Amino acid sequence: MQVKPDNCTIVIFGAHSDLAARKLFPSLYQLALWGHLPEEFRILGVGRAELSHAEFRLKVYEKMAGLFPETLPDETAFALFSARLFYVRVDFTEIDGYYALQKELMDGAGASGICTNLLFYLATPPGLAPIIVKNLALAGLGEKDGSFGGWRKIVVEKPYGRNLQTARELNTIIGDVFHEERIFRIDHYLGKETVQNIMVFRFSNGIFEPLWNRHNIANVTITIAEDFGIRDRGAFYEEAGLLRDIMQNHALQLLASVAMEPPVDFSADSVRDEKAKLLRSIRPFTPESAWQSVVLGQYEGYRSEKNVAPDSTVETFAAVKFFVDNWRWKEVPFFIKAGKNLDVTVTEIVITFKCPPQNYFGPAESCSYTANQVILRIQPEETIAIKFGAKRPGESVITDPVYMKFDYKTSFAEPGVTPYHRLLLDAMAGEQMNFIRQDSVEYSWAIIDALREAVGGQPPETYRVHSHGPESVQRIYE
């Protein structure tokens with residue numbers, strides 16, 4: 001963990017949301033318990049319900065006790081944390097509530113900085129972000145207001161818009177109130193230990209980076225699969241679909257991490273420069289290329305889910321073949337497969353290397369069976385495996401695949417922190433390495449918009465629950 005951040009107040013819009021209950025309050029409580037939060041801090045919940053400070057504290061406790069009882073060692077420890085919790089009722093669309101919020105913030109007692117250093121966290125539906133930001137500015141709470149002595153930052157949850165146009169509009173609205181270095185667009189994947197380890201694996205090991213190019217790598221496959229459906233997110237999924245929910249952010253960020261060029265240094269700007277350059281290099285889709293490169297699917301029974309239209313054409317599965325048109329990766333296919341209700345829950349990156357020029361061992365087709373691979377497992381296991389060929393015992397010289405594996409749990413004594421632990425601290429400290437910059441958001445949307453236009457509204461193919469996806473998915477690998 002880094003040095004403790006400045007004294008501050010963390011303002012959580014959407015204090016009654018599932019995100020706040022499951023991620024934000026438990027993470028902040030544990031950070032306080034571990035001594036990682038500032039010496040003086042407040043957490044101010046903002047919501048539409050009429051609650052006193054005491055009622056809000058009780059609700060937070062009951063939620064945490066119900067969801068994560070193991071995080072509450074005793075009531076005394078929570079009582080110390082609870083004393084830092086406060087609440088303000090705000091109708092997000094009405095300016096009067098923001099003046100009440102300003103008064104609560106400015107009246108806060110405590111050490112220097114607790115009133116003027118403000119971290120706003122928007123744990124709200126994405127459509128409310130422009131309204132909240134504009135009202136913060138009207139109430140004099142924006143970062144560009146200039147009438148205060150400390151800092152003000154904002155954390156925005158995905159999705160950042162619904163397409164390139166709305167993403168640009170949102171960036172403009174937020175950019176009018178906060179400088180780019182004070183805007184933290186969160187993608188929790190970037191806070192995962194295993195995702196952060198991708199750059200370490202590539203750039204700190206001399207045996208891998210020299211091979212990381214089109215001369216040695218045959219293809220890269222990224223899988224983000226879940227063995228469950230949309231659960232209670234029917235309304236959201238009808239609005240977003242899998243391309244907007246997963247492909248535009250998580251999947252393309254993983255692609256950028258594994259394919260980016262080495263940065264000039266390990267600063268946030270340098271790393272994010274290279275990710276942006278990589279996203280700019282992805283080949284645009286056309287109607288002709290889309291047929292060979294894109295398969296969309298919808299699992300059986302999706303149309304019967306709660307808040308889903310009976311004739312919905314929303315995709316719950318996508319398999320896409322991308323090409324990166326730069327010197328390093330020219331004509332190397334990057335396959336991304338993501339979906340709901342598939343046969344397994346896993347997120348992993350598989351780098352498959354080219355076969356040797358001549359095969360001496362076993363049948364001619366055996367290379368595809370024993371091709372060297374680096375397998376970066378993001379979740380649920382946190383592992384890195386290297387697959388290579390070895391001689392099968394016996395008189396015949398036949399090659400079989402074997403694996404060498406590294407596992408975070410068995411290799412390190414100390415447990416890793418969760419993404420929200422890390423990202424909350426990073427935002428308070430002003431460290432933007434693990435957040436998405438404005439240009440990368442827009443490049444990603446340009447890719448997805450072109451993909452959707454190229455597909456031309458073609459309805460997704462139905463696939464069986466707990467299968468590999470649509471039967472036609474194999475065509476993109478040919």
Side-chain angles (χ1 to χ4, degrees), residues 12-27 47-48 63 66-68 92 121-129 155-163 166-167 170 185-189 191-192 223-254 296-319 336-347 378-380 418-420 444-445 448 452 459-467 469-470:
I12 300 176
F13 284 87
H16 309 300
S17 66
D18 191 61
L19 172 65
R22 292 181 177 275
K23 301 296 183 182
L24 303 185
F25 289 120
S27 297
R48 290 191 171 105
K63 280 281 190 180
L67 292 169
F68 309 105
F92 300 143
Y121 198 117
L122 305 191
T124 55
L128 288 173
V155 180
V156 186
E157 282 276 347
K158 74 172 186 71
Y160 322 107
R162 296 187 67 257
N163 50 33
T166 56
L170 180 60
R185 299 174 188 85
I186 194 169
D187 181 338
H188 73 274
Y189 264 51
K192 292 179 179 290
T223 302
I224 305 175
E226 294 170 331
D227 65 359
F228 51 87
I230 59 169
R231 293 177 171 168
D232 59 351
R233 302 173 73 208
F236 168 77
Y237 239 74
E238 282 293 277
E239 180 75 14
L242 187 126
L243 287 173
R244 294 187 178 107
D245 181 40
I246 300 294
M247 194 69 69
Q248 183 271 336
N249 40 76
H250 300 331
L252 288 179
Q253 285 297 311
L254 290 180
L296 303 180
Q298 183 187 94
Y299 64 79
E300 291 178 347
Y302 171 77
R303 295 178 178 181
S304 300
E305 299 275 21
K306 183 180 178 182
N307 295 324
V308 170
D311 58 349
S312 175
T313 58
V314 167
E315 76 283 351
T316 62
F317 172 95
I336 299 182
K337 183 177 86 168
K340 301 282 188 180
N341 261 336
L342 297 179
D343 58 329
V344 66
T345 293
V346 66
T347 300
I378 309 298
Q379 60 184 18
T418 70
Y420 278 92
S444 297
W445 273 123
I448 298 303
R452 294 178 66 88
E461 302 174 41
T462 302
Y463 62 94
R464 290 181 295 105
V465 170
H466 297 157
S467 68

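Model, not experiment: these values are computed from the prediction.
With hydrogens and angles ignored, the 3.5 Å screen pairs no side-chain donor or acceptor of Ser17 with any backbone N or O of Thr124. Under the 3.5 Å distance criterion, the side-chain polar atoms of Gln253 are left unmatched by any main-chain donor or acceptor of Gln248.
For Arg303, there are no salt bridge (charged side-chain N to carboxylate O under 4.0 Å, His left out) partners two or more places apart in sequence or in a different chain. Among residues two or more places apart in sequence or in another chain, the side-chain contact (heavy atoms from CB on, under 4.5 Å) test is passed with Glu300 by Thr462, Arg464. Under the side chain to side chain donor-acceptor pair (under 3.5 Å) criterion, Asn307 pairs with no residue at all, not counting sequence neighbours. By the salt bridge (charged side-chain N to carboxylate O under 4.0 Å, His left out) test, Glu226 pairs with Lys340, sequence neighbours left out. Taking Pro159 as the reference, Pro126, Phe236 meet the side-chain contact (heavy atoms from CB on, under 4.5 Å) condition, with sequence neighbours excluded.
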**Study point:** Full working for side chain to side chain donor-acceptor pair (under 3.5 Å) between Gln379 and Tyr189
**Key:** CA-CA 10 Å; Gln379 60 184 18; Tyr189 264 51; 3.3 Å; yes
**Study point:** side chain to side chain contact (heavy atoms under 4.5 Å, CB included) assessment of Trp445 paired with Thr166
**Key:** CA-CA 10 Å; Trp445 273 123; Thr166 56; 5.9 Å; no
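Rounded to the nearest 0.5 angstrom, Glu157 CD and Leu122 CG are separated by 9.0 Å.
Side-chain contact between Val344 and Thr223 is absent, with no heavy-atom pair separated by less than 4.5 Å.
Here the closest heavy-atom approach between residue Leu342 and residue Ala225 is recorded as CD1-CB, 3.7 Å. The nearest pair of heavy atoms linking Glu315 to Tyr237 is O-CE2, 3.8 Å. Residues Gly469 and Phe317 approach most closely at CA-CE1, 4.0 Å, considering heavy atoms. Closest heavy-atom contact between Thr316 and Leu242: O-CD1, 3.3 Å.
For Lys337, the NZ atom counts as densely surrounded, since its 6.0 Å shell holds more than 12 non-hydrogen atoms of other residues, nucleotides or ligands.
Sequence neighbours left out, the pairs with a member in residues 227-253 that pass salt bridge (Lys or Arg N to Asp or Glu O under 4.0 Å) are Lys158-Asp245, Arg162-Glu239, Arg233-Asp245.
Between Phe13 and Tyr121, the ring centre distance reaches or exceeds 6.0 Å.
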